[in-house]
Amino acid sequence: MKRASTLVAAGSLLALSAGPVMAEEKYALAVDTAYIFNTLLFLIGGFLVMWMAAGFAMLEAGLVRTKNVSMQCLKNIALYSIAGLMFWITGYNLMYTGVDGGFMGSFGPYSFDPVGGDALDTGYSTASDWFFQMVFCATTASIVSGTMAERIKLWAFLIFVVILTGVLYPITGSWQWGAGWLSEMGFADFAGSTLVHSVGGWAALSGAIILGARKGKYGKDGQVYVMPGSSMPLATLGTFILWLGWFGFNGASQLAMGTIGDVTDISRIFANTNMAAAGGVVTAIALTQALYKKVDVTMALNGALAGLVSITAEPLAPSVLQSVIIGGVGGAIVVFAVPMLDKLKIDDVVGAIPVHLLAGIWGTLIVPLSNSDASYVTQFIGVAAVGIFTFVASTIVWYAIQLVVGLRVTEEDEAMGLDKAEIGVEAYPEFGTGSQRL
């Protein structure tokens, strides 16, 4: 404290001695500082969201059966890489360049600032903004990966990722974040309950319906056969990684860290985000105990994620209690929606549809509770428009892929496991069929 006081005093004397001559330079220094901190926010938030790719990979690896773990790891590193390439090739410009109240931007690759650039008029480095937006794009594709696990062909999935990350996600994102027609209407989605999570959820729902359930998942008389995942420790690790990454997801969506007010708001976003996740976990635990007389760890994990998705549309304005309630409702959605999907014979391996689609819808619709600038009608229009476009477009793309290369592996390959059938690398050879060779 003494050192800080001395520096402040010294700074004051310097300002007095400099007089009015230094005023312009002092202002420029403030702009430089804001530019640096804004850029730093994008970069820190970006690598936290990038780390969510590891979270999705571990969550999915834990929730699929042993014979499909390597495939999920491969899909997740591949989709992240494809998303990065596609968002540079055309995604960013389609989402942000020349939207002007319309329905999409322009096609073409994005150009960064020159080496050593100092474009202070933007308030941040353009490359940092591109990086931050790109990792959101990759998150959308991760949602689809888990739902359709264990029976989709690798290349069919990757072709869909190309279209989703390069075209579909950027178009709906442009409607709001690119200053498109939804933004003009006053639609509010702070960090992407709809624009990221529901988009991924709609694409996953469409694909799951077309692809069909895993062999043996549903019986003829309505029975549902549980197919336990390979590793609850991996799934738990994945959930904690996602929880950590969400602070970048929501916090850095403040998009500025150059003032005391911005930093204060980022802190509040962190706290609300954490409390919503906690509310989702506790609600899921309590409900599964009450309904099934046992606590389901997978429900608790997805309860955390549903709470996070629910608060993502508006993590700044709610009070702490409101955040807990919003997240708690998200956790309840998971508990009731998972068996509902099973009754409809929609096989969602990791529970991504309840978590990302349904909790995303809930989180978006409830925004006006705490944000007086938002309208329930406008929120509903935004949810419906994004949902209809994404579901219809995804359905067209899935059917096109099915006609060209096929979507589903053979029954023999599905029974063998995609690790061995599709990629030839078993995750646990000492325990699986590979153990026969050791």
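For this chain, numbers begin at 1 and follow the sequence in order.
Between the side chain of Q379 and the backbone N or O of V367, no donor-acceptor pair lies under 3.5 Å. Side-chain atoms of S70 come within 3.5 Å of backbone N or O of V425 as a donor-acceptor pair. Listed for the T390 side chain is no donor-acceptor partner under 3.5 Å among the backbone atoms of G387. In this structure, S174 contributes its side chain and I171 its backbone to a donor-acceptor pair below 3.5 Å. With hydrogens and angles disregarded, no donor-acceptor distance shorter than 3.5 Å links the side chain of N38 to the backbone of A256. For S193 (side chain) and V309 (main-chain N/O), a donor-acceptor pair under 3.5 Å exists by modelled atom type.
Under the 4.5 Å side-chain criterion, counting only non-hydrogen atoms from C-beta, L79 is in contact with N76. Taking 4.5 Å as the limit, every side-chain heavy atom of V199 sits out of range of all side-chain heavy atoms of T194. Proximity of K75 to I152: side-chain heavy atoms (C-beta onward) are separated by under 4.5 Å at one or more points. The shortest side-chain heavy-atom distance between L305 and L59 falls under the 4.5 Å cut-off. For the pair M86 and V167, the minimum side-chain heavy-atom distance is 4.5 Å or more. For the pair I423 and L418, the minimum side-chain heavy-atom distance is 4.5 Å or more. Proximity of S198 to V383: side-chain heavy atoms (C-beta onward) are nowhere separated by under 4.5 Å. Annotation: side chain of F249 is not in contact with side chain of V135 (no heavy-atom distance under 4.5 Å).
The distance from the CD1 atom of I346 to the OG1 atom of T147 is 10.5 Å, given to the nearest 0.5 Å. Rounded to the nearest 0.5 angstrom, L316 CG and S323 OG are separated by 9.5 Å. Separating the OG atom in S310 from the CD1 atom in I361 is a distance of 11.0 Å, to the nearest 0.5 Å. To the nearest 0.5 Å, atom OG1 of residue T39 and atom CZ of residue F132 are 12.5 Å apart. With rounding to the nearest 0.5 Å, the separation of OG1 in T236 from CE in M58 is 12.5 Å. Interatomic distance, CG of L244 versus CE of M52, reported as 9.5 Å (0.5 Å rounding).
Nearest heavy atoms, A78 versus L158: CB-CD2, 3.8 Å. Between A276 and I311, the shortest heavy-atom contact is CB-CB, 3.5 Å. Here the closest non-hydrogen pair linking P315 and T312 is CD-O, 3.5 Å. Counting all heavy atoms, side chain and backbone alike, A213 lies closest to R151 at C-NE, 4.3 Å. Nearest heavy atom pair, residue L407 against residue A156, reads CD2-CB, 3.9 Å. Contact record, A317 with S370: CB-O, 3.5 Å, taken as the closest heavy-atom pair.
In this structure, the side chain to side chain contact (heavy atoms under 4.5 Å, CB included) partners of L168, at least two apart in sequence or on a different chain, are I163, L164, F389, A393, S394. For the salt bridge (Lys or Arg N to Asp or Glu O under 4.0 Å) test, residues two or more places apart in sequence or in another chain that qualify with E150 are R65, R214.
Environment of OH in Y376: crowded, with over 12 heavy atoms of neighbouring residues, nucleotides or ligands closer than 6.0 Å. Within a 6.0 Å sphere centred on CZ of F37, other residues, nucleotides and ligands contribute 12 heavy atoms or fewer. Atom CD1 of I77 has 12 or fewer heavy atoms from other residues, nucleotides or ligands within 6.0 Å. Atom CH2 of W88 has 12 or fewer neighbouring heavy atoms from other residues, nucleotides or ligands inside a 6.0 Å radius.
Applying the side chain to side chain donor-acceptor pair (under 3.5 Å) definition to pairs two or more places apart or across chains, those involving residues 253-262 are Q254-D262, T259-D262.
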task = Before giving the answer on side chain to side chain contact (heavy atoms under 4.5 Å, CB included), spell out for W177 and V196 the whole-Å C-alpha distance, their side-chain angles and the decisive distance to 0.1 Å.
result = CA-CA 11 Å; W177 292 341; V196 177; 3.9 Å; yes

Trace of the side-chain hydrogen bond (donor to acceptor under 3.5 Å, both in side chains) decision for W243 with N274 = CA-CA 8 Å; W243 193 327; N274 193 72; 3.1 Å; yes

task = Apply side chain to side chain contact (heavy atoms under 4.5 Å, CB included) to the pair W202 and L357, showing each step before the final yes or no.
result = CA-CA 6 Å; W202 285 115; L357 173 55; 3.3 Å; yes

request  = For T165 and F87, run side chain to side chain contact (heavy atoms under 4.5 Å, CB included): C-alpha distance rounded to whole Å, both residues' side-chain angles, the deciding distance at 0.1 Å, then the answer.
outcome  = CA-CA 7 Å; T165 58; F87 206 64; over 6 Å; no

task = Carefully, step by step, assess F107 and L94 under the rule side chain to side chain contact (heavy atoms under 4.5 Å, CB included).
result = CA-CA 5 Å; F107 288 93; L94 196 57; 3.9 Å; yes

ask   = Between D296 and T288, is a side-chain hydrogen bond (donor to acceptor under 3.5 Å, both in side chains) present by the stated rule, with each step listed?
value = CA-CA 6 Å; D296 187 332; T288 53; over 6 Å; no

ask   = Can you check side-chain hydrogen bond (donor to acceptor under 3.5 Å, both in side chains) on N68 and Q72, steps first, answer last?
value = CA-CA 7 Å; N68 296 304; Q72 291 310 111; over 6 Å; no

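Note on ring orientation: taking the six-membered ring where Trp is involved, the planes of W130 and F112 are perpendicular (angle over 60°, cut-offs 30° and 60°). Ring-plane geometry between Y124 and F42 is classed as perpendicular, the angle between the planes exceeding 60 degrees on a 0 to 90 degree scale with a lower cut at 30. The aromatic rings of Y92 and Y96 sit tilted relative to each other, their planes meeting at an angle between 30° and 60°.
Between F103 and W181, a ring centre-to-centre spacing shorter than 6.0 Å is recorded. For an aromatic pair to be called close, the ring centres must be under 6.0 Å apart, and H197 with W362 fails this.
At a cut-off of 3.5 Å, with distance as the only test, no side-chain donor of Q176 or D189 sits close to an acceptor on the other residue.
The one candidate from L211, I210, L403, I159 that meets the side chain to side chain contact (heavy atoms under 4.5 Å, CB included) condition with W398 is I210.
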